[in-house]
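So the structure is just underneath, and the comments pick up after that.
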Amino acid sequence: MDAPAGVKTSTDFPLPQSMKAWVLGDPGELKLTAKPVPVPKRAEVLVRIDASAICATDLEVIYQGPPAIIQGGLPFNKNFTPGHEYMGTVVALGPGVDEYKIGQRVACEIHAGCGQCKRCREGMYTSCHNYGLNYGDLDKGHRANGFTTDGAFCEYQVNNINTLVAIRDDMSDEEGALVVTAGTAMYALTELGGLVAGESVVVSGAGPIGLMAVAVAKALGAQPVILTEMRENRMTIARALGADAVVNVGKVPDLVAAVKALNGGKGVDYVVECSAASKAVNDAVHMVNRGGKVCLAAFTHEPALVDIAHIVSNNIYVYGIRGEGKSAVHRAEAFMRQKRFDATKIHTHTFPLAELPTAIRYAKDRVDDAIKVVVKPRLEAAHKAAAE
Ligand SMILES: [Zn+2]
Ligand SMILES: [Zn+2]
């Protein structure tokens, strides 16, 4: 990277001109190519990516396109690099940046809001009204790396300083890549939901967000925390992360009744829907008690039939969640720093960045009971060094 005036670099972290980067061709097609190392602008740093986790939303982007928007449309064949759950090391500072130091390890949030729209000014930068308007000649300031701007399946990326969360040195790269996942669960329950200790929570579906929702709910003092799920191995992990009860969706005749029975027959204060099953949305509105809240955190592929009269007559709140927001990730990192839960229980596999297609196959087909699969650019280097 040729550092323009005002950009600080360090001889401790010499920067190459180009880097390895995966780019999306046709749906499902990833090619390894070279791209120039990006240059941080004002209020931005360059992050050397040390670990990226594969998220179900990456699979959506790679195979279907949305929610990524590149140049106003689908992300295919636009030299776009996906990947959005990552951590790394700060290796260059944009002009005027003194909030972070070169060499500092950071977890990286996905969204840098434009900072000027109504939602950004409320702290809801993942709902930025200038989402996706940061391409071509337009620069509205909003970035969502891996969705509207280049992401993390490469060696370096630029991040706005507002998107960085410093992590402690003894946190592993893999755990660091899960800080934002935990932050999303935090945002669902506290900032958007308003959960306080002693309230009851159901999480439906034990994907990574669901499992983190169990862990965060428990750490926040929720009781009981109930998981609904079908896969035994994930139920075991949920129990280890603090679930008070687990209901096997495939083994009870009436899921709603089974959940209610675990909480005095009244239903719970919150349901966090993470299963993406269209039926689960209607189940969720029947699992909450009057005035309760349903957070929708998964994309159903078919429209869901929901009993609206039940929602209306019971004052039920239903809200979607897009990523993180309002410093939720900082709070999640604080819990992880205090070892209030062990996010690494959801990490199952690590591959070198060069083996991204294999890593994606593990995540997509749940090979070997994969949950969170991580790729590491420097693992490759480490392997190579060991071989030489
Ligand atoms: Zn994600
Ligand atoms: Zn905005």
Side-chain angles (χ1 to χ4, degrees), residues 24 43 49 51-69 75 81-87 107-135 138-153 157 159-160 162-163 165 174-188 205-213 216 272 274-276 295-299 320-329 332 343 346-347 356 359-360 363-364 370-375:
L24 187 56
I49 296 164
S52 305
I54 295 167
C55 171
T57 313
D58 289 319
L59 305 178
E60 294 284 333
V61 167
I62 291 165
Y63 289 91
Q64 324 287 336
I69 304 174
T81 297
H84 64 271
E85 294 186 2
Y86 60 103
M87 57 74 62
C108 303
E109 289 188 27
I110 296 134
H111 294 253
C114 73
Q116 64 214 27
C117 76
K118 175 181 179 177
R119 293 292 172 240
C120 281
R121 287 173 61 80
E122 291 171 347
M124 295 178 70
Y125 43 87
T126 49
S127 304
C128 177
H129 288 179
N130 284 316
Y131 184 95
L133 299 180
N134 205 41
Y135 53 88
L138 268 174
D139 184 358
K140 298 294 284 184
H142 176 272
R143 291 184 68 97
N145 286 359
F147 293 108
T148 66
T149 45
D150 269 353
F153 295 145
Q157 202 45 269
N159 271 79
N160 190 290
N162 291 340
T163 66
V165 180
E174 282 81 354
E175 188 175 7
L178 296 171
V179 171
V180 176
T181 315
T184 300
M186 179 72 82
Y187 189 46
I209 295 280
L211 288 167
M212 283 297 96
V216 170
V272 186
C274 304
S275 74
C295 174
L296 302 177
F299 303 156
I321 175 178
R322 177 77 200 262
E324 65 290 342
K326 290 192 177 178
S327 301
V329 180
I346 71 168
H347 165 246
L356 179 67
I360 285 174
K364 181 169 163 284
I371 302 179
K372 243 341 175 191
V373 180
V374 167
V375 291

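Every number for a ligand or one of its atoms is a count from 1 in the order of the listing. Predicted model, so just to flag it, every value in this text is computed and none were measured.
- For the Zn ion (ligand 2), the nearby protein N/O/S atoms, meaning those under 2.8 Å, are C114 SG, C117 SG, C120 SG, C128 SG.
- The minimum heavy-atom distance linking V216 with A185 is given by the pair CG2-CB, 4.1 Å.
- Partners of A206 under the side-chain contact (heavy atoms from CB on, under 4.5 Å) rule, at least two apart in sequence or in another chain, are L211, L227, E229, R234.
- Heavy-atom neighbours of K326 NZ from other residues, nucleotides or ligands within 6.0 Å: above the threshold of 12.
- Put simply, the side chain of N162 never gets that close to the backbone of A112: no donor and acceptor are under 3.5 Å apart.
- A donor-acceptor pair under 3.5 Å links the side-chain atoms of S52 to the main chain of A152, judged by distance alone.
- Sequence neighbours left out, the pairs with a member in residues 109-118 that pass side chain to side chain donor-acceptor pair (under 3.5 Å) are E109-Y125.
- Between H84 and G146, the shortest heavy-atom contact is CB-CA, 4.3 Å.
- Below the 2.8 Å limit, the Zn ion (ligand 1) has as protein N, O or S neighbours C55 SG, H84 NE2, E85 OE2.
- Between the T149 side chain and the R143 main chain, no donor and acceptor come within less than 3.5 Å of each other.
- In this structure a side-chain-to-backbone donor-acceptor pair under 3.5 Å is missing from E85 to A177.
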